[in-house]
Novice: 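One structure, pasted below without further comment.
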Amino acid sequence: MHRFPEPDPGEPALGSPGRYLLWLASAHRASAVLAVGYGVLCTLAQAFVPAAIGRGVDRGLIAGDRGALVTWCAVVLGLGVTQAVAGTLRDRCSVTNRFGAAYRTMQLVTRKAARLGAELPHRVSAGTVVSVGATDITRIGAALESTARGGGAVVSIAVVAGVMLTVSWQLGLVALVGVPLSAAAIAALMRLLHTRQHGLRKEQGALADLAVDIVDGLRVLRGIGGERVFADRYRERSQRVRHEGVRVAGVESSVAAGRLLLPGLLVTVIVWLGAHFVGTGRMSPGALVAFYGYAVFLAEQLRRATSMVDQLTRAFVAARMVTDLLAMEPGLDPGGREPGTEDARGPLRDPGSGLEIPPDRFVAVACARPDDMRLLADRLGRYVDSPATLGGIPLAAFPLAEVRRRILVVDHDARLFSGTLATQLDPHGPADGDTDGSPDGSPDGGSTAGDGAGADGGTDRLRRALDTASAHDVVAALPEGLNQEITGGREFSGGQRQRLNLVRALLADPDTLVLVEPTSALDAHTEARVAERLGAHRRGRSTVVFTTSPILLDRADHVVLVEGGTVVAEGRHGELLADARYRTVVTREVTVA
């Protein structure tokens with residue numbers, strides 16, 4: 001079985017889609033050169049078949065020479081074998097180029113997405129990323145695959161035209177003039193096709209964005225009866241895509257007609273002139289047979305060449321989307337200072353709002369505006385540029401990887417990935433199969449609190465986290481328990497996903513855990529159990545919960561009220577209830593002036 005080489009993407013030559021495609025070709029230089037070489041050999045072997053047949057007709061059939069007939073038949077057979085072998089090797093190298101280019105592009109896009117991290121959703125839409133992975137890499141791979149057949153077609157057209165000129169300059173001249181004119185006419189249509197394909201690609205990206213939004217918010221849409229509005233919006237956008245698709249199809253049909261009609265007219269002219277020359281004795285019957293074969297061959301090779309141009313045009317549009325994505329750079333500059341023990345034990349503070357998180361405390365933050373929750377969480381986790389400090393030192397001074405390791409921000413809509421539930425909750429825990437898949441994740445079906453060591457310790461940590469998040473029933477409902485394969489969390493309700501996300505966050509055990517509305521989808525009884533256990537589970541670590549839930553606020557060691565992006569009050573939940581501003585936020589009490 002053919003083994004594809006493991007690519008080392010390095011740094012692509014950005015700047016233009018053309019340069020990127022050339023970089024991909026150079027990255028597969030050996031297979032690309034071999035593919036074109038085999039393509040040229042295959043098409044030349046096919047090109048010489050009409051000449052061999054013409055010679056066999058003249059020197060064998062008409063002359064009555066059996067030996068010459070056998071000889072030229074053997075030549076035709078040899079050319080056929082050469083064509084078959086070279087074609088097989090060409091296609092083998094072409095497939096390597098296709099999948100290699102697609103794999104490299106996907107690898108680069110994935111690495112860039114990972115490097116951008118949380119900045120990616122703010123820089124480019126989800127639909128664009130999906131379209132790059134689903135459509136653009138396929139077009140880029142197909143373009144590199146087409147260069148083998150297309151390159152062979154271009155070379156063979158030049159060789160056959162030269163042969164025709166030596167046999168009959170009149171017919172050769174017709175071929176030399178007709179082929180470029182046909183190519184020019186089709187190229188003009190290709191330029192128009194390129195423009196319309198670019199417009200279609202933009203509309204497809206916008207439609208993909210809308211589809212992602214609808215899928216993500218489907219549960220909410222059904223709850224508020226908004227399916228009809230979004231269905232109408234999707235229908236309107238899809239009609240735009242259909243309209244652009246029809247416009248593209250109109251040009252594509254013209255290109256397809258030109259590929260068939262123009263070479264067909266060229267074949268008709270060459271055959272008619274050749275028959276006239278045979279009738280006047282200026283050409284032998286065998287030469288006419290050869291010229292007919294040449295004309296048919298040229299028509300086919302011209303279609304292959306224009307098909308290559310078509311594929312390259314599509315790839316150019318796709319490469320533009322890829323290079324735009326790869327050209328993005330992270331907006332946050334990584335610092336170089338390694339935090340010491342004292343730094344990590346110091347308070348986490350946001351000077352812009354006055355919010356300060358003391359070490360080893362369970363702090364709840366109630367915000368008058370919901371948008372302030374996410375903004376402050378992003379500042380504390382350094383997902384945006386901010387003057388936030390840790391132990392008095394700006395977070396910007398520390399490497400981003402170290403900040404992410406010490407400060408974990410978990411939004412209320414955090415996602416699970418595909419795989420076994422155990423590995424999604426604790427990627428660094430026991431491997432699959434170390435638990436027997438019992439409903440609550442423990443071999444004996446019970447639950448314990450406390451940490452351990454080794455595989456058993458990992459299982460104890462997982463059981464304790466499940467208990468804190470009140471998530472044992474979620475695991476118990478799965479046929480295979482923790483070993484159940486999940487598909488991104490779509491099997492769970494909103495409340496179940498929140499509890500599982502909390503389990504994952506607790507198992508990560510960061511120095512500072514920042515939770516944004518972690519219980520917004522839970523019923524009151526489950527929320528009360530989580531609130532009661534969360535502080536004890538995180539004892540010795542800092543925990544920040546952005547919420548307006550009285551149940552969580554009542555269990556916090558310290559409560560902070562943020563209004564207008566600034567801290568306006570602090571204390572315990574019971575004390576702050578005397579503040580009208582706090583009551584308005586937490587109990588939804590309306591103050592009458």
Side-chain angles (χ1 to χ4, degrees), residues 117-118 339 341 343-350 353 355-367 372-384 386 388-391 395 398 400-416 424-429 449 451 461-471 497-522 527 529-549 551-553 555-560 562:
T341 305
D343 297 333
R345 298 289 300 173
L348 178 62
R349 189 170 187 274
D350 175 42
S353 62
L355 177 62
E356 181 172 321
I357 311 302
D360 308 335
R361 297 290 298 279
F362 178 15
V363 178
V365 182
C367 297
D372 286 342
M373 293 186 182
R374 183 171 297 218
L375 178 60
L376 289 174
D378 287 345
R379 286 181 183 175
L380 294 176
R382 202 179 174 239
Y383 287 100
V384 295
S386 73
T389 61
L390 178 64
L395 288 179
F398 303 128
L400 276 176
E402 188 65 21
V403 174
R404 298 287 180 266
R405 188 177 71 82
R406 293 180 178 273
I407 304 173
L408 176 61
V409 179
V410 180
D411 206 343
H412 65 86
D413 57 356
R415 299 175 182 272
L416 297 168
Q424 298 313 305
L425 297 179
D426 190 11
H428 305 293
D451 296 330
R461 289 175 58 251
L462 180 55
R463 285 201 301 263
R464 187 183 177 211
L466 287 168
D467 186 60
T468 299
S470 191
R497 280 199 302 271
Q498 278 194 335
R499 285 183 281 166
L500 292 175
N501 284 327
L502 180 58
V503 171
R504 183 170 59 182
L506 294 173
L507 289 172
D509 197 27
D511 293 340
T512 302
L513 177 60
V514 181
L515 302 171
V516 181
E517 292 283 13
T519 60
S520 59
L522 303 186
E527 184 180 26
R529 288 195 297 269
V530 172
E532 183 179 357
R533 300 167 183 172
L534 182 60
H537 188 108
R538 290 284 300 167
R539 186 172 292 115
R541 296 279 194 272
S542 298
T543 305
V544 188
V545 178
F546 287 90
T547 183
T548 56
S549 167
I551 297 176
L552 278 172
L553 293 168
R555 293 290 182 177
D557 300 331
H558 188 69
V559 179
V560 179
V562 174

Novice: So, using side-chain hydrogen bond (donor to acceptor under 3.5 Å, both in side chains) as the criterion, who are the partners of S549 when residues are at least two apart?
Specialist: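 With sequence neighbours excluded, S549 shows a side-chain hydrogen bond (donor to acceptor under 3.5 Å, both in side chains) to E527, given in chain and number order.
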Novice: For R555, what residues pass the side-chain hydrogen bond (donor to acceptor under 3.5 Å, both in side chains) criterion, not counting sequence neighbours?
Specialist: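 R555 satisfies side-chain hydrogen bond (donor to acceptor under 3.5 Å, both in side chains) with no other residue.
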Novice: What distance do L348 atom CG and I407 atom CD1 have between them, rounded to the nearest 0.5 Å?
Specialist: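 Taking CG in L348 and CD1 in I407, the distance rounds to 4.5 Å.
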Novice: When you measure from the side chain of R499 to the backbone of A469, do you find a donor-acceptor pair of N or O atoms at a distance under 3.5 Å?
Specialist: no
Novice: My understanding is that only residues two or more places apart in sequence, or in another chain, count here; which of them pass side-chain hydrogen bond (donor to acceptor under 3.5 Å, both in side chains) with R374?
Specialist: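 R374 satisfies side-chain hydrogen bond (donor to acceptor under 3.5 Å, both in side chains) with D411 once adjacent residues are dropped.
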Novice: Can you check whether L534 reaches L515 side chain to side chain, under 4.5 Å on heavy atoms?
Specialist: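 Side chain of L534 against side chain of L515, heavy atoms only: contact under 4.5 Å found.
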Novice: For Y383, does the six-membered ring have the charged nitrogen or CZ of R404 within the cation-pi criterion, i.e. under 6.0 angstrom from the centroid and within 45° of the normal?
Specialist: yes
Novice: What pairs with D378 under side-chain hydrogen bond (donor to acceptor under 3.5 Å, both in side chains), at least two apart in sequence or on another chain?
Specialist: none
Novice: How long is the straight-line distance from CG of L376 back to CZ of F546, given to the nearest 0.5 Å?
Specialist: 5.0 Å
Novice: Output the distance between atom CE (M373) and atom OG1 (T548), rounded to the nearest 0.5 Å.
Specialist: 5.0 Å
Novice: Rounded to the nearest 0.5 Å, what's the gap from OG on S542 to CG on D360? Could you check?
Specialist: 5.5 Å
Novice: So, N501 side chain and R497 main chain: donor-acceptor pair closer than 3.5 Å or not?
Specialist: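 At least one qualifying donor-acceptor pair exists.
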Novice: Mark yes or no for whether R382, through its side chain, and L400, through its backbone, hold a donor-acceptor pair below 3.5 Å.
Specialist: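 A pair under 3.5 Å: no.
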Novice: Are any of the side-chain heavy atoms of L522 and S470 separated by less than 4.5 Å?
Specialist: no
Novice: Report yes or no: does D557 contribute a side-chain atom to a donor-acceptor pair with the main-chain N or O of F362 at less than 3.5 Å?
Specialist: yes
Novice: Look up atom CD1 in I357 and atom CG in L380, then write down how far apart they are to the nearest 0.5 Å.
Specialist: 6.0 Å
Novice: Between R538 and D509, does any side-chain N to carboxylate O distance fall below 4.0 Å?
Specialist: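 Yes, R538 and D509 are salt-bridged.
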Novice: Can you tell me how far apart CG (L395) and CZ (R379) are? Round to the nearest 0.5 Å.
Specialist: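 Those atoms lie 12.5 Å apart.
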Novice: So, using salt bridge (Lys or Arg N to Asp or Glu O under 4.0 Å) as the criterion, who are the partners of R504 when residues are at least two apart?
Specialist: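 Partners of R504 by the salt bridge (Lys or Arg N to Asp or Glu O under 4.0 Å) criterion come out as none, since no residue qualifies.
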Novice: Can you list everything that forms a side-chain contact (heavy atoms from CB on, under 4.5 Å) with A508? Sequence neighbours excluded, please.
Specialist: L408, P510
Novice: With a 4.5 Å heavy-atom cut-off, do D372 and V365 have their side chains touching?
Specialist: no
Novice: So, do L462 and L507 sit near enough that their side-chain heavy atoms are less than 4.5 Å apart?
Specialist: yes
Novice: Please find the pair of heavy atoms, one from V363 and one from P358, that lie closest to each other, and give the distance.
Specialist: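 Nearest pair, atom of V363 first, then P358: CG2-CD, 4.0 Å.
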Novice: Which residues pass the salt bridge (Lys or Arg N to Asp or Glu O under 4.0 Å) test with R529, sequence neighbours left out?
Specialist: none
Novice: What closest approach, in Å, do V409 and G381 show between heavy atoms, and which atom pair accounts for it?
Specialist: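 So the two residues come closest at CG2-CA, 3.8 Å.
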Novice: Where do D426 and V503 land on the side chain to side chain contact (heavy atoms under 4.5 Å, CB included) test, with the steps shown first?
Specialist: CA-CA 9 Å; D426 190 11; V503 171; over 6 Å; no
Novice: According to side-chain contact (heavy atoms from CB on, under 4.5 Å), who are the partners of R405, at least two apart in sequence or on a separate chain?
Specialist: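 R405 satisfies side-chain contact (heavy atoms from CB on, under 4.5 Å) with E402 once adjacent residues are dropped.
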Novice: Taking C-beta and beyond as the side chain, do V410 and P518 meet within less than 4.5 Å on heavy atoms?
Specialist: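 V410 vs P518: side chains apart.
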Novice: Side chain of T547, backbone of E517: donor and acceptor closer than 3.5 Å?
Specialist: no
Novice: Using the test side-chain contact (heavy atoms from CB on, under 4.5 Å), find all partners of A521 that sit at least two apart in sequence or belong to another chain.
Specialist: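 With neighbours one apart ignored, the set is Q498.
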Novice: Run the side-chain contact (heavy atoms from CB on, under 4.5 Å) test against E356 and tell me which residues pass, sequence neighbours left out.
Specialist: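 If we apply the side-chain contact (heavy atoms from CB on, under 4.5 Å) test to E356, skipping adjacent residues, the hits are P347, R349.
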